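Everything below concerns the one structure shown next.
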Amino acid sequence: MDDKKTILSGIQPSGALTLGSYLGALVNWAAMSEIYDCYYTIVDMHAITSRQNPAQLRNTALTQLAQYIACGIDPDKNTLFIQSHVPAHAELSWVLSCYTMFGELSRMTQFKDKAAKNADNINAGLFTYPALMAADILLYQADLVPVGSDQKQHIELTRDIAVRFNGIYGDVFNLPEPYIPKVGARIMDLQAPTNKMSKSEIADGGCVLLLDKPEDIMRAFKRAVTDSESSIRYDLANKPGISNLIQIYSACTGKSLDEIECEFEGQGYGVFKAKVGEAVVETLRPIREETLRLLADKSYLRSVYDQGADKASRTANKTLRKVYKKIGFIER
Ligand code: ATP
Ligand code: LTN
């Protein structure tokens, strides 16, 4: 329908999806397809800002597509596509990079974090990454972008770029808003609860993957770092480990933080950690099973991403043509 609002979001195939990617982003995506016109992409062009093994990148991207579907995102009601299959992303990204300032890119927290962690590969793509992300969003004239709170800064920059461009050429781009969940916006690493749970940093065992087996999930929660008190109380500043577990339990059960504090009043950390583990196991079980089933049907997955690329290209090319015309490129 033309009057439906548009949603776009994406996840990098830089590693296996985590509980963080699920609770921060994916969980919201499926619910939105009834009300919005939704585009969900696998941003492989973003993933190569850090070095990837080619065979693994292909495999991760395809698994991610199966996981999108397994999380309830129906390919008949949503447009699911792989970013590199729609060349308009690369094309608009170049244009937008000419309307994005060096100073703005230098202030991006994600760039600073990733540059500090990958001192031997601070490439130009890592730096201009936000211009590509702005292209992802603006090509579809998205109204809302469902993401975890770490992406808010990138969406604000996308708006700034769009406002700057519109200021020169008239109303070309719609201004997008971030859509950040109340619970689950920032799931922390179970071993280092002051760091975001991140799929490219799974070495310390503090990361729960969507495809982890139930026994591995239970082990990860039983080993979760807490504190030396014994009260199950939400206090982000002083009790980051317990607060993170409360958030996760809340996101998986729908219970409020207050309800959870009451439920576990007077109980020990051991009991609580096992309960959180069980809630996560039950949340992820159907997703894991459906993902494995879909991965066995490669021709179906191919038909999904082929159709997705066709549909996404039609919308994206419309915006790209308009942009080219506005900036003075000769029409083909
Ligand atoms: P990478 O480690 O490769 O940077 P990542 O694990 O941080 O990846 P992204 O691909 O950058 O994940 O993010 C995918 C989506 O999931 C984004 O919307 C992001 O905000 C959200 N997300 C990722 N990690 C978390 C988290 N720990 N808590 C909440 N949301 C998250
Ligand atoms: N930058 C995001 C991934 C991403 C994205 C997007 C998210 C790339 N393009 C468009 C939403 C909309 C990240 O690192 N998580």
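Since this is a predicted model, take the numbers as computed values, not measurements. Every number for a ligand or one of its atoms is a count from 1 in the order of the listing.
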Could you go step by step and tell me if T158 and L175 meet the side chain to side chain contact (heavy atoms under 4.5 Å, CB included) rule?
-> CA-CA 8 Å; T158 299; L175 299 187; over 6 Å; no
Only one of H154, E104, Q153, E156 forms a side chain to side chain contact (heavy atoms under 4.5 Å, CB included) with P130, so which one is it?
-> H154
Less than 4.0 Å between a side-chain N and a carboxylate O, is that true for D113 and K117?
-> no
Determine whether the side chain, the backbone, both or neither of V147 has a heavy atom under 4.0 Å from any heavy atom of ligand 2.
-> side chain
Return the residue, atom name and 0.1 Å-rounded distance of the protein heavy atom closest to atom 1 (N) of ligand 2.
-> Y129 OH, 2.6 Å
Output for ligand 1, non-hydrogen cut-off under 4.0 Å, lists I11, Q12, S14, G20, S21, G24, A25, K114, V147, G148, D150, Q151, G184, A185, R186, I187, K196, M197, S198, K199, S200
State whether E177 and R159 are salt-bridged, where the test is any N-O pair (Lys NZ or Arg NE/NH1/NH2 against Asp/Glu carboxylate O) under 4.0 Å.
-> yes
For V43, the ligand 2 atoms whose distance to one of its heavy atoms is below 4.0 Å = 8 (C), 9 (N)
Does the pair K275/E263 count as a salt bridge with the N-to-O cut at 4.0 Å?
-> no
Specify the protein heavy atom at minimum distance from atom 15 (N) of ligand 2: its residue, its atom name, and the distance to 0.1 Å.
-> Q151 NE2, 3.2 Å
Shortest protein heavy-atom distance from atom 10 (C) of ligand 2, along with the residue and atom involved | L8 CD2, 3.6 Å
Do other residues, nucleotides or ligands put more than 12 heavy atoms under 6.0 Å from the CD1 atom of I48?
-> no
Y249 vs F272 aromatic rings, parallel, tilted or perpendicular, using cut-offs 30° and 60°?
-> perpendicular
Only one of C71, S9, C38 passes side chain to side chain contact (heavy atoms under 4.5 Å, CB included) with W29, and that residue is S9
